[in-house]
Structures are given as C-alpha cells and as structure tokens.
Amino acid sequence: MKISIITLGCKVNEYESQSMITQLSKDYEVVEGYVYADIYIVNTCAVTNTAEQKSRQVIAKCNKLNPNCKIILCGCAVQNNPSQFLGHQNVYSILGNNGKNKIIEYINKQNLKLNKISDNYDYFAPPTKTRERQYIKVQDGCNYFCSYCIIPYTRGRSRSRNLDEIINEINNSNSSEFVLTGINLSDYKIDGKPALTKLVDEVGKTGKRFRLGSLECNVITDELLMTLKKYKNFCPHFHLSLQSACDETLKRMNRRYTISKFMKVVKNIRKYFKNVCLATDIIVGFKGETNEEFNTTLRNLKKIKFNYMHIFPYSEKKGTIAEKFKMSVDSKTKKERLKKLLDLAEKYTLNFYKKNKFKTHNMLVEEIKNGYSCGYTDNYIYTYIPQDVKVGSLVKVKLIKPYLDGMIGIIK
C-alpha cells in the first residue's frame, strides 16, 4: 500500500508530517506530494481563508490522481471547520490536530468526528533525517489571541515539550543544523515557568549548529542574548514577529509591545551580534489602518532597517476578533501600501548583501541546484557556490556578489 503525505502551512506542520512519515514507513511505502497513492494524508492550514481554500482544493487533486483513493485530513483547517470537508469524495477520516502523532491507528479506521485538541504536549516520533536543516518542534499552542489570528482556536493553549526529549532528538539526529520551532516558541516553559534561555543553553551545549524560529520581542532579554553569544554553533539570525510598526495598529492587533519597546530590543540584539540577520513579518492594510498609521509604520521600518521583510496584505479570517472590526482598507490602498513596503524590503535586503560582500561566513550546503552547491550562511544569506561540494558539509565561504535570491560565494 502506498501513502502520500501533502503538507500545507507552517514549520510545525512540516515537522509533524515528517513524524507521520517516520511512523508509517515501518509498514507502508510513504512518499510526499501529488503522486499516485492508495491513501492521501493532507496536513491542512487555516492561517488565512486562502489557505483553507487550498486545503479543500487538494482533495480534488488527490481524487484526480486516484479516483479510488482514501483521504485522511488533519491540521488546522480541519480543526477550525470540519464541516467544509465532510461529504467530499473519498474523505475517509478527519483528525484535526489531535491524532497526527498516532496516525498509524487511523489508516484502517474511519473517523468522521473531530478529535478534541489535547491539553498536554503530545509526543511525536522524531522524524528520520529528511533535510540537512531540520526543524525541531519544542512547543505547541498559543495563549496570545492576536485579533487577526485563528491559531489559538485550532491549536489550543500553549504547552511545551520535555527538555530531555528535545536534546535527545538533536543528539540522535545526523542532520547538520536544527531550527527550534513551535506555534509560539517564545512561550516555551518548564514546570509552568518561562524557560527559553534554559532551552537554548542546553541546545547550545550539544555542539550542533542551531537557529531559532520566530520570536516575540518581549522574551529577548540580556540573559537570553548573553547565553546565545556563548555558543559559536548558534546562527545569528532572529526572526522577530512585528506585524506593524505603529502603536495604534498594534493595539488593535492585540500585540503585546509598543514600537518603542521593539526598537530597543533590535538595538540590543545588534549590540551583541554585529553582523546579525534580522527578519520580520508585516501585515499591510489591517482593519482601521489610516494613512497616518501606515506612514508611521513606514517611517519606523526605515529606522529599523530589517534585512528581510515578509510583507503581505491583511486578509480577513472568519472566526477571529478582527472579523468584527469595522473600517476595512480597500484593495487599491492595500496594493499601493504593499508596493511601498516591498520596494523598501528589496532595498534593505540588497544593502544587507552589499554589507556582507567579501566577508567570510560558515555555510551549510543543503542542495545542489543548477550546477551550484547551495545553502544558508550562519546569518541567513542563501549562497551559491560554483563548485561541487558534498551536501551536508559545513564550509567557510567568502561572499562575492549578489545573485538571484542570495549571493555568490567561494570556499575560503
């Protein structure tokens, strides 16, 4: 029997899909993507309405590949609204987010009643090595309830993974780099107390190269930065979840900081790490965003000078607090604001590349592409080496010039 797993959405979903592959591979032939299979497991996403729509479209694609298949649906879109999937051709089971860690039990068991979200952190079988830069899930759920976000309702309350399990997984894996990730990594706790610094200290001691997933600015303390600074195996790359650079907009978003607080954190990070990569997410055209608010965001982003910005227009999500807000921003205005921020992002990314010209970094070779050995430097510059280098190698590279979505580098 052949099983194909199709993954939509975030890094946590990807980790969980890789765990499902590990669970099933003992007894079945398991592949990924849109290929012929007897059973399709679709790990869905609900972060936007478009993501849910894509999750439904996958069903049709699977049925086209095999009209006699069985389809098992899991993930956030199912958890958010299971009824949208019931009745579709060949949908055999719906699991939501509880059941992925025991997926083998559902291969031959029909389940059309949504599983309840777990109150505890569910153990997942560690994925076998699937990539050189491996995600490590350390936390699930979220207690923040940002007004635009549905995820606390689809993932449940915040809960953290046992520290020993995390360290054992890293020590027993032969991947070359690890990315600590979670639905809200910033909320990692041990015995109910904040423990992100403890976590990174123990990960640092493994000697394995590692980086952090998305963080909230309120957890980036001197203690955390000093701990990270101790370890040469830490990659100086911070993805800081900002969303807006205007206090009024942040307040409507129910974010837990002011732009002044955020900028102080950025300044402190740059004090500890001189050639750090700083990245962020920005939502354009959130409900009620006035021209003045947008211009405030634009001015503050020019002060911060992020190296990478993921910018996207606000899309109303059914079931969120913001759905009830009035004063929507029209699509034309969103597009105009989006272009301004995309132009700014491109400028600062190019400046980042120019700043790193002729500098030497540690780089992980992750793939061979079009004759280049490719991967990310420690400070997250995608690098193309015009030489044949073994995948999985950690090499020193001298960056030469911008190229495509990164830079050309030569082995030092």
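Below, each value reflects all heavy atoms present in this structure, side chains not excepted, and no hydrogens, waters or symmetry copies. In this chain, numbering begins with 1 at the start of the sequence shown.
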With the side chain counted from C-beta on, respond yes when [X] and [Y] share a heavy-atom pair under 4.5 Å apart, and no when they do not.
{"X": "Asn362", "Y": "Leu394", "answer": "no"}
{"X": "Leu73", "Y": "Ile41", "answer": "no"}
{"X": "Thr181", "Y": "Ile136", "answer": "no"}
{"X": "Lys340", "Y": "Phe294", "answer": "yes"}
{"X": "Leu215", "Y": "Leu196", "answer": "yes"}
{"X": "Ile385", "Y": "Val395", "answer": "yes"}
{"X": "Ile220", "Y": "Asn268", "answer": "no"}
{"X": "Ile72", "Y": "Ile103", "answer": "yes"}

Could you pull out the closest heavy-atom pair between [X] and [Y], with the gap in Å?
{"X": "Ile183", "Y": "Cys142", "value": "CG2-CB, 4.1 Å"}
{"X": "Phe352", "Y": "Val276", "value": "CE1-O, 3.9 Å"}
{"X": "Gln79", "Y": "Ile117", "value": "NE2-CG1, 3.3 Å"}
{"X": "Ser214", "Y": "Ser186", "value": "O-OG, 4.4 Å"}
{"X": "Ile94", "Y": "Pro82", "value": "CD1-CB, 3.7 Å"}

Cut-off 3.5 Å, side chains only: do [X] and [Y] have a donor facing an acceptor?
{"X": "Asn254", "Y": "Tyr148", "result": "no"}
{"X": "Asp281", "Y": "Ser241", "result": "no"}
{"X": "Asp201", "Y": "Tyr231", "result": "yes"}
{"X": "Thr297", "Y": "Ser244", "result": "yes"}
{"X": "Ser118", "Y": "Asn98", "result": "no"}
{"X": "Asn80", "Y": "Glu52", "result": "yes"}
{"X": "Lys208", "Y": "Asn233", "result": "no"}
{"X": "Ser373", "Y": "Gln387", "result": "no"}
{"X": "Arg56", "Y": "Gln84", "result": "yes"}

ask   = Between Thr377, Asp378, Thr383, which is the residue that forms a side-chain hydrogen bond (donor to acceptor under 3.5 Å, both in side chains) with His361?
value =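 Among the candidates, only Asp378 passes.
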
Return the [atom1] to [atom2] distance between [X] and [Y], rounded to the nearest 0.5 Å.
{"X": "Thr360", "Y": "Lys398", "atom1": "OG1", "atom2": "NZ", "result": "6.5 Å"}
{"X": "Ser328", "Y": "Phe286", "atom1": "OG", "atom2": "CZ", "result": "10.0 Å"}
{"X": "Ile410", "Y": "Ile400", "atom1": "CD1", "atom2": "CD1", "result": "4.0 Å"}
{"X": "Ile59", "Y": "Lys54", "atom1": "CD1", "atom2": "NZ", "result": "15.5 Å"}
{"X": "Thr7", "Y": "Tyr15", "atom1": "OG1", "atom2": "OH", "result": "14.0 Å"}
{"X": "Glu216", "Y": "Cys146", "atom1": "CD", "atom2": "SG", "result": "6.5 Å"}

task = Let me see the working for Thr249 and Glu293 under side-chain hydrogen bond (donor to acceptor under 3.5 Å, both in side chains), right down to the final yes or no.
result = CA-CA 7 Å; Thr249 314; Glu293 289 179 8; 2.9 Å; yes

Within a reach of under 6.0 Å around [atom1] of [X], are more than 12 heavy atoms found that belong to other residues, nucleotides or ligands?
{"X": "Lys229", "atom1": "NZ", "answer": "yes"}
{"X": "Asn172", "atom1": "CG", "answer": "yes"}
{"X": "Lys369", "atom1": "NZ", "answer": "yes"}
{"X": "Lys2", "atom1": "NZ", "answer": "yes"}
{"X": "Gln57", "atom1": "CD", "answer": "yes"}

Under a 4.0 Å N-O cut-off, is there an ion pair linking [X] with [Y]?
{"X": "Asp191", "Y": "Lys189", "value": "no"}
{"X": "Glu177", "Y": "Arg211", "value": "yes"}
{"X": "Glu323", "Y": "Lys287", "value": "no"}

task = Quick one: do Glu132 and Arg209 satisfy salt bridge (charged side-chain N to carboxylate O under 4.0 Å, His left out)? Show the steps, please.
result = CA-CA 11 Å; Glu132 298 304 325; Arg209 174 165 148 143; over 6 Å; no

Report, one line per pair, each donor and acceptor closer than 3.5 Å where one atom sits in a side chain of residues 26-35; sequence neighbours left out.
from: Glu32; atom 1: OE1; to: Gln18; atom 2: NE2; distance (Å): 3.3

message = One pair to check against ring pair (Phe, Tyr, Trp, His ring centres under 6.0 Å): Tyr348 and Tyr308. What are the steps and the verdict?
response = CA-CA 7 Å; Tyr348 287 137; Tyr308 299 110; over 10 Å; no

Contacts of type ring pair (Phe, Tyr, Trp, His ring centres under 6.0 Å), residue [X], not counting sequence neighbours:
{"X": "Tyr382", "answer": "Tyr376, Tyr384"}
{"X": "Phe273", "answer": "Phe234, Phe238"}
{"X": "His237", "answer": "Tyr380"}

ask   = Mind checking whether Tyr153 and Phe145 have ring centres under 6.0 Å apart?
value = yes

ask   = Do the ring centers of Phe210 and Phe178 come within less than 6.0 Å of each other?
value =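 No, the ring of Phe210 stays outside the 6.0 Å limit from the ring of Phe178, centre to centre.
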
request  = Dump the intermediate steps for side-chain hydrogen bond (donor to acceptor under 3.5 Å, both in side chains) on Gln134 and Ser173, then the final yes or no.
outcome  = CA-CA 9 Å; Gln134 182 72 31; Ser173 173; 5.8 Å; no

task = Determine which pairs satisfy salt bridge (charged side-chain N to carboxylate O under 4.0 Å, His left out) with at least one residue from residues 4-17, sequence neighbours left out, and list them in order.
result =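 Of all non-adjacent pairs touching residues 4-17, those that pass salt bridge (charged side-chain N to carboxylate O under 4.0 Å, His left out) are Glu14-Arg131, Glu16-Lys100, Glu16-Lys137, Glu16-Arg155.
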
task = Provide the full list of salt bridge (charged side-chain N to carboxylate O under 4.0 Å, His left out) pairs with a residue in residues 342-358, sequence neighbours left out, each pair given once.
result =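 Qualifying pairs, neighbours excluded: Lys339-Asp343.
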
ask   = With under 30° as parallel and over 60° as perpendicular, where do the rings of Tyr257 and Phe262 fit, or are they tilted in between?
value =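 Geometry flag for Phe262 against Tyr257: tilted rings.
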
key: Verdict with supporting geometry, Tyr272 and Asp222, side-chain hydrogen bond (donor to acceptor under 3.5 Å, both in side chains)   = CA-CA 9 Å; Tyr272 280 90; Asp222 280 296; 2.7 Å; yes

key: Quiz item: cation-pi between Arg252 and Phe325, 6.0 Å / 45°   = no

message = Given Arg157, which partner from the list Asp119, Asp187, Asp140, Asn143 fulfils the side chain to side chain contact (heavy atoms under 4.5 Å, CB included) test?
response = Asn143

